[in-house]
Structure formats: C-alpha cells, structure tokens
Amino acid sequence: MSNSYGQLFRISTFGESHGPGIGVVIDGCPAGLPIEAAAIQAALDRRRPGQSELTTPRSEADTVEVLSGLFEGRSTGTPIGLFIRNQDQRSHDYSHIQHAYRPSHADYTYDQKYGHRDYRGGGRSSARETAARVAAGAVAAALLAHHGVRVRSYVSQVGAVAVPVSYEQLDLSLIDTNLVRCPHPETAARMADLIRQTRDRHDTVGGIITGVATGVPTGLGEPVFDKLHAELGKAMLSINAVKGFEYGSGFAGTLLFGSEHNDAFYTDEAGRVRTRTNHSGGIQGGISNGQDVYFRVAFKPVATILQPQQTINDQGEAVELAGRGRHDPCVLPRAVPIVDAMTNLVLADMLLRARASRL
C-alpha cells in the first residue's frame, strides 16, 4: 500500500498540503507504552514551518489532535489516530501552475499517473505530508526509548560547507542550539550564511543529513529482502527531495582494501561483543550487530526557485514560469526531525519483528 509503512508497527498517512489537514493512523503499538501528546507536539514543533529566518514563512501551529489510542498518558493497544489541521494555506499562490509543470516537481508525473492533480502546493506530493510521519515517529521514539534506543540526526553539510569531523567527535546535544541544526558551531555559522546568501539570490541549496542510532540491540533486520539497511534506505528515499542514502563507510569504503575495511570483533571488559571499528555502520548481513547504526542522507536543492524558468504546460506548449509564495531556501534544517522520525519508524517495526522471530 503506497500510503502505509511497516509490518508490525504500521502507519498510514492521509491528507494534502491545502486540504483541511493531514493525519496518521498507527497500528500495532503495544499497549501500556507511556506517551503524552506533549511529546508528539514537541517533535512537530521541530519540523513546523515558520520557525526561523532560514525556513519558509508559512505559519502553521501544527497542533496535534489525538483522536484515539492514547488514554491517561499510555497507549491502549488500539489504533492511534493523530490529526494536524492546516491553517495557513494560500492556494492562490499556486494558480499560475494550474496548467504548467514546475521543473523537477511531481506535477508532470502525477498528471501522467492519475490524469488529474491537486496543483495547490503539490497536494499529496508536498512535504507537508511529512508532518504526519513526524507525529508517528514520536510514538515510535517512545517505544524505542523503552528499550534503550535513541535516534539523533543533524545537518552535516550544506552545499560545499561540511562538518570536518565524524559524529563520534561531536557533542550531539548541540544539534538544536542553532538554526541549522548542526552540532559543530563554527560550521553551523558558515552554513547559515550560505543559506541566507542563497535565499537573497532567490535560489536554493541542498546538503546532507547524518543520522545516528545508539543502543540498537543485535538482531534487528531480516536476512534477505528486508535487511535493516535496505529498510532504512527505503524510508529515507521516501522523504521529499532525498536523492541518495549510504550507511557505514558508504561509497568511501570503496577506497579501502578488505584488510582495512573489516571490523574486527573483541569482547570488552563487561563481556559484550564489540567491534574495533564500525565501517559496517552497525549492520552486518542485513542485521544489526549492536554497534551504532549511522548513515547519511543526501537532499537536493528545493525545486521551487523564485526565478524565471523555461518549462511546458499540460498542452505541451512552451511557457516561462517563476515560483511564487513561501518556500524553504534549504530544506535541511526542517528535514532533521523527518529523518529522525523515519529512522524511529524503521527501528520500531524491526524491534517488534525481532521479538516475534525467536523464543
């Protein structure tokens, strides 16, 4: 089902950018999980538009409404229904694209697939849909926290400006201390300057988000088609504007010899099996090995730019089109909680599946 994700911890999202609202139904969350609406709201507040000068000025409170499944601060075991109303739509901002195809948007492909499209903000193809995932991801995060797992993501590159060290050398508690959500203060300042300069040129810029999951137990992931890294890749590539995914050493690992790349096992003083390096990114044979799971997600520049571009309309006629309305010059800062959410959803589902796979 194209609007659902997960097997045991399963979500289905609904709604459009300029409709009454968006929402999600979560099925399979175990009963008795401590989760307050405030925790879901906190996750949504990190993703919502209009939160800083570096993001779109669209003003949405993104207030979550709990429709079902939670009672007195705990999950009941029944489907959890969450709804977020749209309040600041300006559909007239999109009247000029009613018949025109925006370059690198889903306008043309939606028309070809469905024969009809909601041109107001892109409808279902809008990143507005990801708010529903963030709400669901907060519930998944509560389940993971119960098992000692924590997920954190941060902006590691904007354009050519990159954090010069690995996540292990960073204080990840600094992620939310600046507008860019980069835990390396000096690099964060340069990133912010680049985003401002790009915005002033009526252009956009892409970058990379690094995700890290700590406390991941061994045994998550399936041995063939549902490998843990395959599910993470699918989840990340389902996010708007994502163009690439790599985990562990990724493409850089191709520059190493096997003798350099292999992660040697040892037993630590507490009797736990560890590896001396983690080029595997915490995953071997598609299954978690107990080390940190880490990965990188590449985001393209936002497709809507406030500059004239050549395109065609739905009659095949050449037209000139310039973006209007309110758009992010760089999606990275607001995409951090989306990467968190999708990672939480993958790990929560895999955790429940692992518990069901052996006595």
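As the structure is a computational prediction, the values presented were derived from the model and not from experiment. The chain is numbered in sequence order, starting from 1.
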List the steps, then state whether side chain to side chain contact (heavy atoms under 4.5 Å, CB included) holds for Thr78 with Ser68.
CA-CA 8 Å; Thr78 59; Ser68 64; 5.5 Å; no
Tell me whether Val24 is reachable from Phe83 by hopping between hydrophobic residues (I, L, V, M, F, W, Y) whose side-chain heavy atoms are closer than 4.5 Å.
no
Would you check if there is a donor-acceptor pair between the side chains of Asn289 and Gln284 at a distance under 3.5 Å?
yes
What pairs with Glu16 under salt bridge (charged side-chain N to carboxylate O under 4.0 Å, His left out), at least two apart in sequence or on another chain?
none
Compute whether any side-chain donor of one residue and acceptor of the other, for Gln309 and Glu320, lie under 3.5 angstrom apart.
no
State, to 0.1 Å, how close Thr304 and His105 come at their nearest heavy-atom pair, and which atoms those are.
OG1-NE2, 2.6 Å
Checking side chain to side chain contact (heavy atoms under 4.5 Å, CB included) for the pair Arg85/Thr63: CA distance, chi angles, key distance, verdict?
CA-CA 7 Å; Arg85 297 186 186 276; Thr63 302; over 6 Å; no
Taking all atoms of both residues into account, what is the closest heavy-atom pair of Asp107 and Ala100, and its distance?
OD2-O, 3.9 Å
Just by distance, do the side chain of Ser288 and the backbone of Pro217 share a donor-acceptor pair under 3.5 Å?
yes
Joint hydrophobic cluster, Tyr5 plus Phe14, side-chain heavy atoms closer than 4.5 Å:
no
Gln197: partners by side-chain hydrogen bond (donor to acceptor under 3.5 Å, both in side chains), with sequence neighbours left out
none
Verify the cluster assignment for Val25 and Leu44: are they in a single hydrophobic cluster under the rule of side-chain heavy atoms below 4.5 Å apart?
no
Residues at least two apart in sequence or cross-chain that pass salt bridge (charged side-chain N to carboxylate O under 4.0 Å, His left out) with Arg272, listed by chain then number, are Asp268
Test of understanding: clusters of I, L, V, M, F, W, Y form through side-chain heavy atoms closer than 4.5 Å, transitively. Do Leu82 and Leu67 belong to the same one?
no
List for me each residue that meets side-chain hydrogen bond (donor to acceptor under 3.5 Å, both in side chains) alongside Glu269, sequence neighbours excluded, and say none if there are none.
none
What's the verdict on side chain to side chain contact (heavy atoms under 4.5 Å, CB included) for Leu143 and Val149, showing C-alpha distance, side-chain angles and the deciding distance?
CA-CA 9 Å; Leu143 176 60; Val149 181; over 6 Å; no
Throw together a table of side-chain donor-acceptor distances under 3.5 angstrom for residues 151-160, partners on residues two or more places apart or in other chains.
{"from": "Ser153", "atom 1": "OG", "to": "Asp340", "atom 2": "OD1", "distance (Å)": "2.6"}
{"from": "Ser156", "atom 1": "OG", "to": "Ile208", "atom 2": "O", "distance (Å)": "3.4"}
{"from": "Ser156", "atom 1": "OG", "to": "Thr210", "atom 2": "OG1", "distance (Å)": "2.9"}
{"from": "Gln157", "atom 1": "NE2", "to": "Gly159", "atom 2": "O", "distance (Å)": "2.9"}

For the backbone of Pro103 and the side chain of Thr311, can you confirm whether one donor and one acceptor N or O come within less than 3.5 Å of each other?
no
Heavy-atom count check: over 12 atoms from other residues, nucleotides or ligands less than 6.0 Å from His147 NE2?
yes
Residue pairs fulfilling salt bridge (Lys or Arg N to Asp or Glu O under 4.0 Å) with at least one residue in residues 173-182, sequence neighbours excluded:
Arg46-Asp176, Asp176-Arg181
For residues 250-261, run the donor-acceptor check on the side chains, cut-off 3.5 Å, and write out each pair with its distance to 0.1 Å, sequence neighbours left out.
{"from": "Thr254", "atom 1": "OG1", "to": "Phe251", "atom 2": "O", "distance (Å)": "2.6"}
{"from": "Glu260", "atom 1": "OE1", "to": "Phe257", "atom 2": "N", "distance (Å)": "2.8"}
{"from": "His261", "atom 1": "NE2", "to": "Ser249", "atom 2": "OG", "distance (Å)": "2.6"}

List in chain and number order the residues that pass salt bridge (charged side-chain N to carboxylate O under 4.0 Å, His left out) with Asp314, two or more places apart in sequence or in another chain; answer none if no residue qualifies.
none
Do Asp263 and Thr277 have side-chain N/O donor and acceptor atoms under 3.5 Å apart?
yes
Any donor and acceptor pair, going by atom type alone, linking the side chain of Arg199 with main-chain N or O of Ile195 inside 3.5 Å?
no
Would you give me the side-chain donor-acceptor pairs under 3.5 Å for residues 27-42, sequence neighbours excluded?
{"from": "Gln41", "atom 1": "OE1", "to": "Val64", "atom 2": "N", "distance (Å)": "2.9"}
{"from": "Gln41", "atom 1": "NE2", "to": "Asp45", "atom 2": "OD1", "distance (Å)": "3.0"}
{"from": "Gln41", "atom 1": "NE2", "to": "Asp62", "atom 2": "O", "distance (Å)": "3.0"}

In terms of side-chain heavy atoms, does Asp226 have a donor or acceptor partner in Gln7 at a distance below 3.5 Å?
yes
May I ask you to check whether over 12 heavy atoms, not counting those of Arg196, lie within 6.0 Å of atom CZ?
yes
Smallest heavy-atom separation, Ala356 atom then Leu8 atom, equals CB-CD1, 4.4 Å
Heavy-atom check, side chain of Leu351 versus side chain of Phe9, under 4.5 Å
no
Is it the case that one hydrophobic cluster holds both Ile287 and Phe295, taking links as side-chain heavy atoms less than 4.5 Å apart, direct or via other members?
no
Search all heavy atoms of Val216 against all heavy atoms of Gln291 and return the closest pair with its distance.
CB-O, 4.5 Å
Do Leu345 and Asp349 touch side chain to side chain, with heavy atoms closer than 4.5 Å?
no
Does atom CZ of Arg355 have more than 12 heavy-atom neighbours from other groups under 6.0 Å away?
no
Any chance OH of Tyr108 has more than 12 other-residue heavy atoms, nucleotides or ligands included, within less than 6.0 Å?
no
How many angstroms lie between atom CG of Leu194 and atom SG of Cys330, to the nearest 0.5 angstrom?
8.0 Å
Check the orientation of Tyr294 and Tyr167. Use parallel for under 30°, tilted for 30 to 60°, and perpendicular for over 60°.
tilted
Are Pro185 and Asn178 close enough that some pair of their side-chain heavy atoms sits under 4.5 Å apart?
no
Hydrophobic cluster (4.5 angstrom, side-chain heavy atoms) - remaining members for Leu174
none
Could you check whether any side-chain heavy atom of Asn344 comes within less than 4.5 Å of a side-chain heavy atom of Arg133, counting everything from C-beta outward?
no
Taking all heavy atoms of Leu220 and all of Ala354, pick out the closest pair and write down the distance.
CD2-CB, 3.6 Å
Going by salt bridge (charged side-chain N to carboxylate O under 4.0 Å, His left out), name the residues that satisfy it together with Asp200, two or more places apart in sequence or in a different chain.
none
Where the side chain of Gln169 meets the backbone of Ser166, is there a donor-acceptor pair that is under 3.5 Å apart?
yes
Heavy-atom nearest pair, Asn240 first then Ser126, reads ND2-C, 3.5 Å
Side chain to side chain contact (heavy atoms under 4.5 Å, CB included) assessment of Arg128 paired with Ile84
CA-CA 10 Å; Arg128 179 84 183 129; Ile84 305 153; 4.0 Å; yes
Leu70 side chain reached by Ile80 side chain, heavy atoms, under 4.5 Å
yes
Provide the full list of salt bridge (Lys or Arg N to Asp or Glu O under 4.0 Å) pairs with a residue in residues 295-311, sequence neighbours left out, each pair given once.
Glu246-Arg296
Note, Thr343 side chain near Met236 side chain (heavy atom, < 4.5 Å)
yes
So, Arg334 side chain and Arg47 main chain: donor-acceptor pair closer than 3.5 Å or not?
yes
Residue pair Leu179 / Pro333, side-chain heavy-atom distance below 4.5 Å:
no
So, the side chain of Thr204 versus the backbone of Val302: is there a donor-acceptor pair under 3.5 Å, distance only?
yes
Leu232 versus Tyr247: any side-chain heavy-atom pair under 4.5 Å?
no
